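Notes to accompany the following structure.
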2 protein chains.
Amino acid sequence: MNKRATTMADNRARLISAARKAFAEKGYAAASMDELTAAAGLTRGALYHNFGDKRGLLAAVVDQIDSDMAQRAQQIAAAETDSWQGLLAEGAAYIRMALEPEVQRIVLLDGPAVLGDPSQWPSQSSCLQATRQKLELLITQGVLKPVDTEAAARLLSGAALNAALWIAASASPEAVTAKAVEAFRMLASGLLAPSAIK
Amino acid sequence: MNKRATTMADNRARLISAARKAFAEKGYAAASMDELTAAAGLTRGALYHNFGDKRGLLAAVVDQIDSDMAQRAQQIAAAETDSWQGLLAEGAAYIRMALEPEVQRIVLLDGPAVLGDPSQWPSQSSCLQATRQKLELLITQGVLKPVDTEAAARLLSGAALNAALWIAASASPEAVTAKAVEAFRMLASGLLAPSAIK
DNA sequence: AAGCAAAACATACGCTGCGTATGTCAAATT
DNA sequence: AATTTGACATACGCAGCGTATGTTTTGCTT
């Protein structure tokens, strides 16, 4: 195999890894590219060659974290047999994931501010796509009212996001998480078809 | 009256006004303080004397816009006789207000990224407070289930925010706004007490 | 196998922009 | 009227991004 390609892939991975730490700890604006690359054992030369600019690096980092999140959510949702319970579990999972500094600081705060609307990202915000598919399934099953799935997925993810910001800023994360998850379930139940209400 | 105080208040107002424009058009990070102050007929000296630093200016701008929003929402909600309809109208109003560049770019994107959680702002995010009070009223009236009002207000505002980001990035804002408002109403109806469901 | 071309990364430079330290002038106080 | 206070301007230093240029290793060609 190509030695060039492997070392380059390795360097990219190390830069992204260092960026995840730096962006999560200092925030995008305060993260120094010199420190970042030095921590990865490289210089800014490697950075601008691989990612174009600082924004490009953030985009790569966001893409990676977003993929991780979607994968984890997939597993959690798959554990539920009922699709409706799966949706609720997924929402709760997103709220909890959003408590991690990497997710919150990078994906939820700096990401939209620097890169723009999440749905326009190359990853297309995998999380959004996943919940949307789940909603479509539930509608065909007659569990939900025939709502616009993109709209519902957007609002639900937005609700989860703000819940996370709230929890992260609160003094007692556990208690607040419980409240947030309950409120999330209540809001989501507004999508239920009349026949599906227990 | 003091001449010092009046001119100082005037200068503060002019700086905030110029900042609203610059931050909305270029974003917080890309807005130059030299250009900003020059546009207001002043220099950076006035800025650092009045607001401490760039963040301080953003905080002042956010505070002003947030107050404006709350006031406008108050009027809109007051036009509705039914409290429940008032809540829905207020939500729709927030979604529409969030389409304005000043609100979206400054309050919803850069604000949280630079200043942190909105509920910790000096204005305490007036919008959040307003919806929360409305929710409390509706619960005492028996219209809503006894949900935690802070949680519900947070998630609702989060949903409205993401709806706005979605609309702003879309090609046909009108059509998307209709979908978003409908989904918002559906989610909010999840808070309704069983007896209040028509 | 040897030389060549290309690419990955390092080094060096310039420019922008924030924050601060110092200066100045008007206004309020006495 | 003199003095002091304070609002704002001017001047400086420093950090950090992006780019232009240099260097070395790799992979291909003949």
Side-chain angles (χ1 to χ4, degrees), chain A residues 1-62 105-106 110-111 113-116, chain B residues 1-62 105-106 110-111 113-116:
Chain A
M1 184 181 183
N2 255 357
K3 189 178 180 185
R4 291 280 279 250
T6 55
T7 57
M8 192 174 178
D10 185 55
N11 283 344
R12 280 180 60 95
R14 279 161 59 197
L15 285 173
I16 291 178
S17 175
R20 280 178 74 146
K21 281 182 200 162
F23 288 160
E25 289 171 3
K26 315 206 169 195
Y28 174 78
S32 164
M33 307 300 270
D34 279 324
E35 291 181 15
L36 217 170
T37 51
L42 297 165
T43 68
R44 284 216 323 274
L47 220 173
Y48 286 92
H49 187 72
N50 279 290
F51 302 100
D53 61 349
K54 195 178 182 181
R55 278 188 60 182
L57 179 60
L58 177 64
V61 168
V62 162
R105 177 83 244 187
I106 300 176
D110 288 331
V114 176
L115 304 175
Chain B
M1 184 179 181
N2 256 355
K3 189 178 180 187
R4 290 281 279 249
T6 56
T7 58
M8 193 174 178
D10 185 55
N11 283 344
R12 282 179 59 95
R14 279 162 57 199
L15 285 173
I16 290 178
S17 174
R20 282 179 70 147
K21 281 182 200 161
F23 289 159
E25 288 171 5
K26 316 206 168 194
Y28 174 78
S32 165
M33 307 299 271
D34 279 323
E35 291 181 15
L36 218 171
T37 52
L42 297 165
T43 68
R44 287 216 321 275
L47 221 174
Y48 287 91
H49 187 74
N50 279 292
F51 301 101
D53 60 352
K54 195 178 182 181
R55 280 189 57 180
L57 179 60
L58 177 63
V61 169
V62 162
R105 178 84 244 188
I106 301 176
D110 289 332
V114 177
L115 304 175

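Note that the coordinates shown come from a computational prediction; the quantities given were computed from them, not determined experimentally. Chain letters run A, B, ... following the sequence lines, proteins first and then strands; every chain starts at 1.
Using a 4.0 Å heavy-atom cutoff across all strands shown, L42(B) reaches sugar-phosphate atoms only and no base atom. Nucleic acid contact class of S32(B) (heavy atoms, under 4.0 Å, all strands): sugar-phosphate only. Residue A31(A) is in sugar-phosphate contact alone, with no base atom involved, counting any heavy-atom pair closer than 4.0 Å across all strands shown.
For the pair A24(B) and I106(B), the tightest heavy-atom approach, listed with the atom from each and the gap, is N-CD1, 3.7 Å.
Rounded to an integer number of Å, the gap from CZ of F51(A) to P of dA8(C) is 12 Å. In this structure, CG of D34(A) is placed 12 Å from C1' of dA10(C), rounded to the nearest angstrom. Atom NZ in K54(A) sits about 9 Å away from atom P in dG16(D), given to the nearest Å. For L36(A) and dA15(D), the CG to C1' distance is 16 Å, given to the nearest whole Å. Rounded to an integer number of Å, the gap from CD of E35(B) to C1' of dT16(C) is 11 Å. One can place CG of L47(B) at 13 Å from C1' of dA7(D), the figure rounded to the nearest angstrom. Here dA7(D) presents its P atom at 14 Å from CG of L15(B), a figure rounded to the nearest Å. One atom, CE of M33(A), and another, P of dC9(C), lie 15 Å apart when rounded to the nearest Å.
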Could you run down the sub-3.5 Å N/O contacts of the protein with nucleotides 19-25 of chain D?
unit_1, atom_1, unit_2, atom_2, d
dT25(D), O2, R4(A), NH1, 3.4

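At the phosphate of dA7(D), OP1 or OP2 sits under 4.0 Å from a side-chain N or O atom of H49(B). Distances shorter than 4.0 Å separate none of the side-chain N or O atoms of N11(B) from OP1 or OP2 on dA7(D). The phosphate of dA8(C) (OP1 or OP2) has no side-chain N or O of N50(A) nearer than 4.0 angstrom.
Of the candidates dC8(D), dT11(C), dC17(D), the closest approach to any side-chain atom of T43(A) belongs to dT11(C).
Counting heavy atoms from C-beta outward, L36(A) and M33(A) have side chains that approach closer than 4.5 Å. Residues F23(A) and D110(A) form no side-chain contact, since every pair of their non-hydrogen atoms from C-beta on lies 4.5 Å or further apart.
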